[in-house]
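Since the structure comes first, as structure tokens, the remarks are kept for the end.
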Amino acid sequence: MDKIPILKMGDYLLVTIQVDLYDRLALNLESDLVNMINKHSSKGVLIDISAVNIVDSFMGRILGNIAQMSKILDAHTVVVGMQPAVAITLIELGLPLSGVHTALNVEKGMTLLQEKLFLDSTVIADDTDDNT
Amino acid sequence: MITLNKETIAIKREQDVVFFRNRVNEYAEKIKMGLVNKTKLLTAASELVRNMLIYAKEGKVICEIVTISALQTGIRLTFIDNGPGIADIDKAMTDGYTTGKSLGLGLPGAKRLVNIFDVKTVKGKGTTISITKWKNG
Amino acid sequence: MALSIGQLLQKKSKTVLESWINIQLQDDGLKEELLSNQEIRKQSEEFLHSVISILKKEDSQNTESPEFEKAAEILTEISTSRAMQGYTPRETGVFVFGLKEAFLSVLEKEFKDSLVPYADSQKINKLIDALAILTFETFISSREEVILRQTSEISEISTPVIRVWDGILALPIIGTLDSARTQVVMENLLMKIVETESTIAILDISGVPAVDSLVAQHLIKTVSATRLMGAECIISGIRPEIAQTIVHLGIDLANINTKASLAHALRSAFMMLKLEVRKTVEKPKF
Ligand SMILES: Nc1ncnc2c1ncn2[C@@H]1O[C@H](COP(=O)(O)OP(=O)(O)OP(=O)(O)O)[C@@H](O)[C@H]1O
Ligand SMILES: [Mg+2]
């Protein structure tokens, strides 16, 4: 019953967190996302946290986990729309989320994902060049 | 320090955390605490209440609006549990120390986010942590 | 039956008031342009009555009684308004201590040859002293409030965030960067990033006199917070001696984009945004 909806948009997955996340909900999101990436072979995940007022170490770790896990599954994760007060607090807390890509809003996040995918495809093209 | 407003909230289940955070939020709005300071306080509170649930199973939090002068008003939260206590508090207060499989950021991070941080812990008896955040500090 | 000290002073309150106001007006520090005669009279009268009502009570030392609280309230208001108007503590002190003088001089006349009873003068002394301490406390705390407000105003004024290009913000920092200031800088910068949807912020530190490890830490925090929002931060204006201290102190700025000057930073920002600035070549005229 307690689920955060995940939207599929072509190669991407979009999650908009609207509610105050408590721990179980965040954990559910982590496993749901990983399953969805696998099921749809998604290339990118966009997590919009513009409505989130608190990100504590637990939430921060979940975001980091999602980024790492999706990377293993060959998808990029971009966290978008973090509020200034949340960013300042995370830095003071000691959690710079260094492994997570960020963007100002969904639109810019989407552009970033496309750039990353484009880079991936050129790398693959280079690889095939080498092989032949 | 003078207490203007006081209330005790029991923490037994994860759902209590949401109620507790909302209460602290109301307190912060009542004294017109700035957004960044409020976010810092709520985040520190979130860390400590989670520790309480994980390591001591349950406990309670006393929420107070305190003042020391006309210009220094703030919120004091006192987290009281009867859990196992913290064996080595100096270690627990350093970044990265955890007995769980976590980041070990909760205690030292919470300390950085508030103005006053005070721990009393007795092994086998429990832990009391009091934090104070000034409205404009 | 002899009158108690409180009753006696109540009866003589007009004389006390006159002599007290005279004492206040004699003080050359008094700023006539700020406080009119009328106002002194009104404030003094109100306060005098509340003090006499305390003296009439048995427990005049009780700071919790409603009478004391009333007097304290009046006094707090007076000393707060005086602090705001820029009075010195001495000038405000004269207000309270002048009352003691007025009381005692009236009583001396009243008792003529015999001395004022010790217990009575002690009662007055203690009460006025307690009220005087209160005056100073309020005076100082309202001054602190003024200072606090000014400090926050100054730090806000001194950290302007400029939109230099579509998507590029610049923030020249002038003066030292302490933790309170960093807070303001960060807050202003991040808000402006959201507001203007800028993806690059240039932090120019050519106006920062020295960079020690604490300042560097503040800079690193600002850069990290900017990145969390999804924007990039360039630090410019690093003078050679600052580069030297950074290395000598062993501060790690490896993950931070640094540039010598604002112009260099701007050029690199243009590159990041895939913008090009070119000189237009004028067609030669024949
Ligand atoms: N209320 C408590 N009762 C008993 N032990 C505690 C309590 N709070 C903290 N501890 C102990 O202190 C250690 C450090 O706590 P801290 O919150 O800093 O890190 P963590 O909870 O392990 O990780 P994180 O908070 O980053 O997820 C914990 O691992 C735990 O052993
Ligand atoms: Mg913890």
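Heavy-atom basis, side chains included; hydrogens, waters and symmetry copies ignored. The model shown is predicted, which means the values in this text are computed figures rather than measured ones. In what follows, chains are A, B, ... by sequence order, proteins preceding strands, each numbered from 1.
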Among [options], single out the residue with the greatest number of heavy-atom pairs under 4.5 Å to chain C.
| options | value |
| --- | --- |
| A:Val86, A:Asn105, A:Leu104 | A:Leu104 |
| A:Val80, A:Thr102, A:Val100 | A:Thr102 |
| A:Gly81, A:Ala85, A:Pro84 | A:Pro84 |

_How close do A:Ile91 and C:Ser224 get, counting heavy atoms only, and between which atoms?_
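That would be CD1-CB, 3.3 Å.
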*For A:Ala87 and C:Leu190, work out which heavy atoms get closest and say how close.*
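Smallest heavy-atom distance, with atoms named: CB-CD1, 4.0 Å.
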If you count heavy atoms of other groups shown closer than 6.0 angstrom to [atom1] of [X], is the number above 12?
| X | atom1 | result |
| --- | --- | --- |
| C:Met191 | CE | no |
| C:Arg267 | CZ | no |
| A:Glu115 | CD | yes |
| C:Lys70 | NZ | no |
| C:Glu69 | CD | yes |
| A:Arg24 | CZ | no |

*Most heavy-atom pairs under 4.5 angstrom with chain A, which of C:Met229, C:Met186, C:Glu197, C:Arg227?*
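Heavy-atom pairs under 4.5 Å are most numerous for C:Met229.
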*Would C:Val194 and A:Gln83 satisfy side chain to side chain contact (heavy atoms under 4.5 Å, CB included), going step by step from the backbone distance to the final call?*
CA-CA 8 Å; C:Val194 175; A:Gln83 293 175 13; over 6 Å; no
*Could you tell me which portion of C:Thr226 (side chain, backbone, both or neither) has an atom closer than 4.5 angstrom to a non-hydrogen atom of chain A?*
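Neither part; nothing is under 4.5 Å.
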*asked:* Quick check on C:Ile193 against chain A: is it the side chain, the backbone, both or neither that has a heavy atom closer than 4.5 Å?
replied: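 Backbone plus side chain of C:Ile193, per the 4.5 Å heavy-atom cut-off to chain A.
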_Quick check for you: to the nearest 0.5 Å, what is the distance between A:Leu112 atom CG and C:Thr199 atom OG1?_
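With rounding to 0.5 Å, CG (A:Leu112) is 11.0 Å from OG1 (C:Thr199).
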